[in-house]
Each structure stands twice: as structure tokens, then as C-alpha cells.
Amino acid sequence: MTEMTAERKLSALEERFPGKVSPDARPGYEGFTVAPKDLLEVATALRDELGYDYLSSVTAVDYPEENVFEVVYHFYKSTGGRALVLSAQTPRNKASLPSLTPLYPAADFQEREAWDLMGVKFEGHPDLRRILMWEGFDGFPLRKDWKEAYYEEEHKPFAARWPEGAVRRSEDLNAFSGNVAYSKEFMAQPDKYEEEAEPLLYAKLNEEAEKMGRNFETDFVTVNMGPQHPSTHGVFRMAVMLDGETIVALKPVMGYLHRNHEKIGERNTYLHNMPFTDRLDYLSSMSNNWGYALAVEKLMGNRVSVPERAEYIRVIMAELTRISNHLWAIGFLLNDLGAFFTPSLYAIEERELILDIFEATTGSRMMCNYFRFGGVARDFPEDSWNKLKDLVNERLPRRIDELDVYLTNNEIVGSRTTGVGVLTPEEAIAYGMAGPVLRASGVPYDVRRADPYGIYESFDFDVAVRYHGDCYDRYIIRMDELRQSLKILQQAVKRIPAGSVLDKNPYNVRVPAGESYGRVEGPKGELGFYIVSDGSANPHRYHVRAPSFINLTALEKMCVGQKVADVVVILGSIDIVLGEVDR
Amino acid sequence: MYGKGILTGMKVTMARFVTTYLDDLRMLGRRYYNPAGIEYRRSKDAKGIFTVQYPEEKLPMPEEFRFVPFLIYDVMPDGSHQDRCTSCGICAKVCPPQCIWIEQTTNPETGRPVPEPVEFFIDIDICMNCGYCAEYCPFDAIKMDHNYELASYDRHAYHIFNKERLSQPAEYYAGIRPANYSREEAIRREKEAKKAAAEAARAAKAAE
């Protein structure tokens, strides 16, 4: 969509709500502000009248100087186009806003996250519990006045490193003396203190179960799958309420791998964050790099430009990442189905060859840290370029076909996945699903086409889409995407121009004040980075819209009514990585 | 027919099983425990067993591979060691997990900083091997190593590397990263030649 039409649409919102919605006047901000009392009305109109049916990102920003929290919403149309950014402010000491979850279920986990980490209450949210931290945790860790256990200084680089260089281990600091807060309840009676998380969780499960109608003949059974369970591919827990073997209610419990990535990001300088993004979805570090680079480059505007060769390399790396990720996802979906390790090892072989290319080019197999603001770190060495050409033209197409023959028509795969975990297109959009999960439900939404970035517009490829929305379609769509990625790679390898790969590479990156949201189509879905800059060397706010995390919003919806063994398959078909879910 | 899909799939498994042995026989004795065999197993034509039997076999390291950094010193004609590091502190500033500590000194007579670090520490437990220090060092003084076998029995005693532990001669660097080394040396020589030419011109001007 061009700038012009977007502008016209945005002003339509102002016309519709004169006096209630006004353009954000702060320099560098692109959205609209709305008063909390009008938020629900405006959001309803956005969804029902203006077609912004896809709520991509909800996050809160702390502005201690103005003494407010601002909650920022990114709306999109599921037919494509640019974002509509809406923001509402609420005072810091009584932070509360109406919840959008009843209108957009996609807001469910994201509002819980904003409550958990920033302490903004959402009135009308059906289940406002902490989500990443544990119940009973004191304080809200993303607030600017909250300090972590190993707190050293507000921003990096730390003064102790140079020129005095007084080396010490951070664990030698007494971690639990001055800078950690315990709740009053805990301090009163530490040995009698009991956190409230479990009762709250089970109460919620029971509430859902009551809705389904308990009767006298059978009783419901609560089963905890995880945190240590082979199906969860990490540390992830599902509390499941069962009627016999049928699922009545399911609540995911996460945060076991939480490391407050966003707080670390706000202590870091802009450049420091790049290798940290590798560690989000550690199977696809290149896509993470790109999303972050895109957001920062957007803020930098015309101070930075990406050479054409670098744009091609970015596409090549992102598509190779998609292939290796999807191979992994397919392999481990089969593991979840009980085909123990033969299919996944066949799939991982090809991934290994892709990682060889990553290693020779970037220096690391998985933690690539390859993108820079204004290009990529270095060019392909010749031998890995030749390897790449052989791989995309010869070996990968052959091996993907073999995998297809091996699995696609297998009757066991079919009977375990067909009709399991169905999500209709309407539900998929409402729940904010992204990536293969959304497209397997018949919504042809791919950021590479819907809101193109980089040079994707110049490539010939199809947006893979399947229509049943079940686990089988979520498997087969990954096969389709493997082939589409190969198609892009074959074009890119042929057309890539010579030239430099990096504009300039200063170590002290400066970014003008403002906000930006960079999003890419990661292998797991729409990966977005929301950055607020105050013009200093460190981001004021750094938020990750993690597709794995938000795709879990619909997990309960997909599982209810299925058998307990299907939960494993459904979770496998979403393809989550806990590094990104828990951040 | 029900089961046809499974049977077709089993054919793939069977073919893989057979090729493993065919390949082993065809390359009898050359497939394992020798560099050519390892290279074959990671090529586009590789069939059969993919596994590299670490630690008996090791994958060859590509030049760009990066692990915990090291410091470079030049060996001067008189045999003394000259640190390339000037303790400017850029590596400590760009380090994302802040694992580099540099102690700078000042000359007690002039009060100006001495362009050589007194001490240089890297906590290798914190280092995330991102390679920024090597990328942004203006003096080519700190580079990423290829040695990844750094495990020890006591991390408290051994995992903070000091300057002595970190320092390596320039030949070591030339050995693990020949292409980078020759490129950087060419640039250094060019710079030095320019500097010498400028000095000669200045001297000539002064003589006039």
C-alpha cells in the first residue's frame, strides 16, 4: 500500500471519531492517541468498520518523566497493508486500561505480559494472572525504576570496565542484599509463605470446566504435562483438565526460561542487542537479526542505506534459515507423533549443511550475529558460496522431495493429524496467529507480501496457503514453504549483484528520537521489534513481538475437545521455541 | 490401499540403510578417520552416515569461525614482544555482555596514558562469542580464536583469562586466519608506506 492511501485511511479514523482520536504529536511517532475511556469504542470500529481485524502487537512503555504508562497497539488488516498504531496513556500510580481481549483474543497473552512486567491492569480481561514471572513475585521488572539482581549501572558500557579494569565476577557481588525486593507477605513469614499461583491456575481451570458442565457420573481429572516433558521441546507446562481422555480446559504455564530479554535490551546500546536477538528463537537467528536491524534502520531513516548486494544476502540467509527451521519443525513433529528420531535425523542432515554455510560465512553455526545497521557483517567466502549454489540447486530440492515421499502419504501421519486441532480462518485472525499456523487456516497472510520489506517485492514466489487448519495442513504447509524458499533462493543466487555489503559500521550507533516497529516474516510467524528511542545511545523501550509466544494464545482453543495424546501433536504443529516464548 | 503410504515411506528408509553399507564398502577405509572422508561426508554428494565421531574426528574449522578472543603481540627484530593493544577501550565498550576489563596506565612523569594495557581480562564464562571486539578494534589487536576446547575442572580458578593467558604472537593469527591476516597486513603496509611518504615529504620541506 502506498503512503498516500495509508494516509487517507488514517484520516478516516479521525473523521469517524472527531476529538477522540488525534495524531501523535511527538516527533518521530507515527500513531494516534486515544483516551482510555474511548479505547473500546475506537477498537470496535477499527475491527468492524475499518477492517483492521488483526491485532499484531500490544505492549506497554514506561515514561517516568511524564509519570505515565503508554500502551501501544499495532493493528493490521488481514488483507495486507501498513500498520495502524494506536496508543493510550494511563497514570503510573493507578495504571489501568480497558482490556481488548474480548474484542481481539490476540491481546490475551500480550496484556497478561504487560500486566506481569509493567504492572498495567487491564479491566475486563478474563484471566489477568502473571504469565512469565511467578505469582508472588514482587514488583514489575520492566518499569524503569526496577533493578535486577546483578544490577550494576543503568546503561552499558559500564564504567568499571575501562580504564580501571577492576575485574570481578558478578556472582561475587552479594546478589541478594540491596537490589532485590521480596514481597511483604514473604518477609513477614518466609517459612510459611505460599505463593498463590497454583490455586489461581487450578481455579481458572475449574471455572472453564464448570462452563462445560460437570455431571455426577464422571469427575474431571487434572493432569500436568510438563515442565519436564519430552513433547514440550523445552521447559513448558500445560495444566490440562480431562473428562476421561477428552480435554475440557487447558492452561499453558510458561516463563521457566525467562531472562528479561527486554530489560537487558534497554540496558544495552543499539549495537549490543544484535547478538542478544540471536538467542530469542535460537533456531533462526538470521531472521531475528533482520527484524531488529529493520526496526533500527527505520528509526535511522536516511542516515543509513543498505547496499543491494547486502539486501540479496539478507534474503538468502533468511530463506536458508526458514528451510533449516522448517526441516527441524517437520522432523520433530514426527518425533511427537512417535516416529522416534528417524525422520528428524533425516531432516537434520540437510540443516547441518546449511549450518556449515552459516559457520563459514558468519563465524557461528547458530548464534550468527550477522546483520548490521546498513548491511551485513561480511561477504560470503568463495567456498561457502559454491556450497550454497550446490545446495539450493541440487541437494535440497532432491532431499525435500525425498522427505515428501517419505512422510506425506503415510497413513499413520494422516490419521494422527487430519482433523486434529482445527482453527478456522476467523479464529486464526482473531487470535493473532502468525506464520504457517495462520496460513494453514486459509488466510494467505505473509509479511513478505502483505507489507514487503527488503527486496522481497522483486522475487517471484507464492504465499503458501492451505485451507483445513488442522495439524496435517500445518505440516504440509511447511513442505510448501520449503519449496517456495528454494524458489526464492534459486533466483537470488542467480541475480545477486557484486558490490559492497556494508554501508558504514560505526561502533557508537546513534539513533534519532522516535518509535518504530520492524517486522519480518520469520519461520514461525510475524516477528516484530518495537523500539522507542529518546535519542540517547540506548533504546528507551525494546519490545519483541514473539510469534511462538503469541501463537500459544490459541493452544487451548485448538486442544479443547481433542484427546490428551493430541495435545502433543498440536503443540508440535505450532512449532514453538522456548527461548522466544519466555524471552 | 491402506498402508501403501507407509510402505512407500519404508522404501526410503530401506534405501538409506543400503546406501550406508554400499558407501562404506565403496570407500573402504577412507570414509572415516581421515580428512578426505570428513570432507566427503559434509559435501552435497554425501550419502549414508553423516556423523563425525568427535573427539576422534574433528570438523575442519572454517576461517571465520569465532570463539573466545585472544590478544596479538608482534615479535620485534630484537626479540621483544610488542602488544598491538593500545588500551583504547573500544572492545570493552562494544562488548555486549561486558566481559572485558582493561587496566590502562598513565606515565607518572607526563601524566598521559601509556598506549599499552597493564592488564587485560576476559571472563570467558560471560563471553558470548559475538566477535564485536575483533570487528571494531582499530589496531587489529584482538581477534577471535579457533580453540573451543576450554573446559576445565574449576571455573573459579581458570575462567578469567588475563593478558598473559590471552596473548598470542601474530604468527598464530596468520596460521588460523590466513586470508584475513594477509588482507589486514596489506592495509597496514599501505598505511605505513603513506605515513613514511608523508614524513619524507615533510622532511624534504623542512630541508628547503
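Keep in mind the model is a prediction, meaning the values are calculated, not measured. Throughout, a chain's letter reflects where its sequence line sits, starting with A, and its residues are numbered from 1.
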Exercise. A:Asp383 versus chain B, heavy atoms under 4.5 Å apart: side chain, backbone, both or neither?
Worked result: neither
Exercise. Any side-chain heavy atom of A:Asn369 within less than 4.5 Å of one from B:Arg66?
Worked result: yes
Seminar exercise, completed: Pair count under 4.5 Å, heavy atoms only, with chain B: among A:Thr342, A:Thr362, A:Val413, highest is A:Thr362
For this session: Please flag which part of B:Ile100 lies under 4.5 Å from any non-hydrogen atom of chain A: side chain, backbone, both or neither.
Result: backbone
For this session: Determine the minimum heavy-atom distance between A:Pro275 and B:Tyr132, stating which atoms define it.
Result: CD-OH, 3.6 Å
For this session: Give a yes or no on this: more than 12 heavy atoms of other residues, nucleotides or ligands lie within 6.0 Å of atom OH of B:Tyr158.
Result: no
For this session: Might you confirm whether atom CD of B:Glu164 has over 12 heavy atoms from other residues, nucleotides or ligands at distances under 6.0 Å?
Result: no
Exercise. How far does CD of B:Glu63 sit from OG of A:Ser384, to the nearest 0.5 angstrom?
Worked result: 11.5 Å
Exercise. Hey, are the side chains of B:Asp123 and A:Val167 touching, using non-hydrogen atoms and a 4.5 Å cut-off?
Worked result: no
Exercise. Do other residues, nucleotides or ligands put more than 12 heavy atoms under 6.0 Å from B:Phe17 CZ?
Worked result: no
For this session: Please round to the nearest 0.5 Å and tell me the distance separating atom SG of B:Cys95 and atom CZ of A:Phe158.
Result: 10.5 Å
Exercise. Is it the side chain or the backbone of B:Ala46 that comes within 4.5 Å of chain A heavy atoms, both, or neither?
Worked result: both
For this session: Locate the shortest heavy-atom distance separating A:Thr361 from B:Glu64; write the atom from each residue and the value.
Result: O-CG, 4.2 Å
Exercise. Between B:Arg16, B:Lys11, B:Met61, which residue shows the highest count of heavy-atom pairs closer than 4.5 Å to chain A?
Worked result: B:Arg16
Exercise. Between CG of B:Asn129 and CG of A:Asp278, what distance do you get to the nearest 0.5 Å?
Worked result: 11.5 Å
Exercise. Between B:Pro96 and chain A, which part of the residue has a heavy atom less than 4.5 Å away: side chain, backbone, both or neither?
Worked result: both
Seminar exercise, completed: Heavy-atom closest pair (B:Ala92 atom, A:Trp162 atom, distance to 0.1 Å) is CB-CB, 4.2 Å
Problem set entry | Interchain contact, B:His156 with chain A, by part (heavy-atom threshold 4.5 Å) | both
Problem set entry | Minimal non-hydrogen separation, B:Arg42 against A:Leu353, with atom names | O-CD2, 3.3 Å
Problem set entry | Per-residue contact mode, B:Gln98 against chain A (heavy atom under 4.5 angstrom) | both
For this session: Locate the shortest heavy-atom distance separating A:His272 from B:Val94; write the atom from each residue and the value.
Result: CD2-O, 3.1 Å
Exercise. With a cut-off of 6.0 Å (strictly less than), are more than 12 heavy atoms of other residues, nucleotides or ligands near NZ of B:Lys47?
Worked result: no
For this session: List the atom of B:Leu59, the atom of A:Arg365, and the distance in Å for their closest heavy-atom pair.
Result: CD1-NH1, 4.4 Å
Exercise. Would one find more than 12 heavy atoms of other residues, nucleotides or ligands at under 6.0 Å from atom CD of A:Glu382?
Worked result: no
Problem set entry | Interface moiety of A:Asn268 toward chain B, non-hydrogen atoms closer than 4.5 Å | side chain
For this session: Please look at B:Thr13 and chain A and tell me whether the side chain, the backbone, both or neither of the residue comes under 4.5 angstrom of a heavy atom of that chain.
Result: both
Problem set entry | A:Asn505 side chain near B:Glu135 side chain, heavy-atom distance below 4.5 Å | yes
Problem set entry | Segment of A:Thr269 engaging chain B (4.5 angstrom heavy-atom cut-off) | neither
Exercise. Using non-hydrogen atoms only, which part of A:Arg398 is less than 4.5 Å away from chain B: side chain, backbone, both, or neither?
Worked result: side chain
Seminar exercise, completed: Answer key: most heavy-atom pairs under 4.5 Å with chain B among A:Arg378, A:Glu164, A:Glu349, A:Glu359 is A:Glu349
For this session: Could you tell me which portion of A:Pro506 (side chain, backbone, both or neither) has an atom closer than 4.5 angstrom to a non-hydrogen atom of chain B?
Result: backbone
For this session: Heavy-atom pairs under 4.5 Å with chain B are the metric here; pick the option from A:Pro381, A:Ala377, A:Pro157 that has the most.
Result: A:Pro157
For this session: Would you mind checking which part of B:Tyr136 comes under 4.5 Å of any heavy atom in chain A, side chain (CB onward), backbone (N, CA, C, O), both or neither?
Result: side chain
Seminar exercise, completed: d(B:Lys93 NZ, A:Leu271 CG) to nearest 0.5 Å is 13.5 Å
Exercise. Looking at B:Cys88, B:Pro117, B:Pro97, which makes the most heavy-atom pairs under 4.5 Å with chain A?
Worked result: B:Cys88
Problem set entry | Check: A:Asn409 and B:Thr8 side chains under 4.5 Å, non-hydrogen atoms | no
Exercise. Of the listed residues (A:Arg395, A:Arg267, A:Arg399, A:Glu394), which shares the most heavy-atom pairs with chain B below a 4.5 Å separation?
Worked result: A:Arg395
For this session: For A:Glu411 and B:Lys4, indicate whether the former's side chain and the latter's backbone hold a donor-acceptor pair under 3.5 Å.
Result: yes
For this session: Answer with side chain, backbone, both or neither: which region of B:Phe121 has an atom nearer than 4.5 Å to a non-hydrogen atom of chain A?
Result: side chain
Problem set entry | Contact origin within A:Arg161 toward chain B - heavy atom pairs under 4.5 Å | both
For this session: Could you check which of B:Cys130, B:Pro113, B:Gly131 has the highest count of heavy-atom pairs closer than 4.5 Å to chain A?
Result: B:Cys130
Exercise. Between A:Leu407 and chain B, which part of the residue has a heavy atom less than 4.5 Å away: side chain, backbone, both or neither?
Worked result: neither
